[in-house]
Number of protein chains: 2
Amino acid sequence: MSPAGTGRRTPRRTRQRQAVAELLAAHTGFVSAQRVHSLLAQGGVEVGLATVYRCLAQMVAGGELDTIVAESGEVLYRRCSADHHHHLVCRRCGTTVEVHDPHVESWAHDVARAHGFADVHHRVEVMGVCRACAH
Amino acid sequence: MSPAGTGRRTPRRTRQRQAVAELLAAHTGFVSAQRVHSLLAQGGVEVGLATVYRCLAQMVAGGELDTIVAESGEVLYRRCSADHHHHLVCRRCGTTVEVHDPHVESWAHDVARAHGFADVHHRVEVMGVCRACAH
DNA sequence: CTTTGTGCAAAGGCTTTGCATGCTT
DNA sequence: AAGCATGCAAAGCCTTTGCACAAAG
């Protein structure tokens, strides 16, 4: 609520937080908390599942991460890219392609404003079966 | 899989199914399964929660209902309108406006095909704060 | 009568939380 | 030294499933 400064304190620099941050920095697509946890474990980095959840939550609060909710109800995390874009996802293998189109952006905005809505966000997900999975 | 006819058998006509169907027919927005259950209970109609889930699942499979996943992870159900469209939702009061734009439809399709994706579906959600809540 | 639907309760998956301990500052 | 971060396990929520009984066709 403070106009100057977001009021969020800098988190402490721990091995676990660093590991989670690095993994998400290296990862391009969306990842679930559970997956972050097991990927770290596979890489030999032991981090408690609860800690993973807490780190991710803080990173989201800090604007470092973006989230979507999968159809299963799982929350998926992704590092925020500078520019807004959307995703084309293969529902079989999970391959993700980033899509960018200013047309859709302005459309969403226009529609919202036409109805008197402010502070507009939008989310577009296009799902299909990619060529490799289509056989 | 049968070319003529969808292959889905007509569900039996039960008090419970009727109740769920009627509630969704009367309801305009999105509702969770839990809410359907308690609304029915409030109306004096006792239907098991599991049954509510099963009815909803069948109605979705039959194309009678549309679903989205809320940020909480809950699945929300809504009766399907004949033509495909999207939603503009107020994140404060939940007011929902149906939006329809062929431009977005074809865009989604084109993008997907350009990347070799087949059997394409898409979902667009525009969220904002409506005029009444903007004060 | 046969088959499908229902109810209850248990189980399952993801996520959050309480509490004691360890590490950062 | 003081306080946030971590881990573990338990608890919470929504949803699904197994099984016996009831109802529909």
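Quick note on labels: first sequence line is chain A, next is B, and so on, each numbered from 1.
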[X] [atom1] - [N] [atom2] separation (whole Å):
X: A:Arg17; N: C:dT25; atom1: CZ; atom2: C1'; answer: 14 Å
X: B:Glu46; N: C:dG7; atom1: CD; atom2: C1'; answer: 11 Å
X: B:Gln18; N: C:dG5; atom1: CD; atom2: C1'; answer: 14 Å
X: B:Leu56; N: D:dC14; atom1: CG; atom2: C1'; answer: 13 Å

### Query
Shared ILVMFWY cluster between B:Leu65 and B:Phe30, side chains joined below 4.5 angstrom?
no
If I take atom [atom1] from residue [X] and atom [atom2] from residue [Y], how far apart are they, to the nearest 0.5 angstrom?
X: A:Glu64; Y: A:Arg78; atom1: CD; atom2: CZ; answer: 14.0 Å
X: B:Tyr77; Y: B:Leu56; atom1: OH; atom2: CG; answer: 5.0 Å
X: A:Cys55; Y: A:His37; atom1: SG; atom2: NE2; answer: 11.5 Å
X: B:Asp66; Y: B:Leu76; atom1: CG; atom2: CG; answer: 11.0 Å

#### Entry: Short side-chain N/O contact from A:Gln58 to OP1 or OP2 of D:dC4, under 4.0 Å
no
Can you give me the closest heavy-atom contact between [X] and [Y], atom names plus distance?
X: A:Val120; Y: A:Ala108; value: CG1-O, 4.5 Å
X: A:Val45; Y: A:Ala19; value: CG1-CB, 3.9 Å
X: B:Val52; Y: B:Ala33; value: CG1-O, 3.7 Å

### Query
Side chains of B:Gln34 and B:Tyr53: donor-acceptor distance under 3.5 Å anywhere?
yes
### Query
Heavy-atom contacts under 4.0 Å between residues 19-27 of chain A and DNA chain D, which residues?
none
### Task
Keeping the roles fixed (side chain from A:Arg79, backbone from A:Ala25), state whether a donor-acceptor pair exists under 3.5 Å.
yes
### Query
What bend angle does the helix from C:dC1-D:dG25 to C:dT25-D:dA1 show across its length, from five-pair end axes and to the nearest 10 degrees?
30°
### Task
Between protein and nucleotides 15-25 of chain D, map the contacts as a letter string: B base, S sugar-phosphate only, - none, heavy atoms under 4.0 Å, written 5' to 3'.
BBBB----BBS
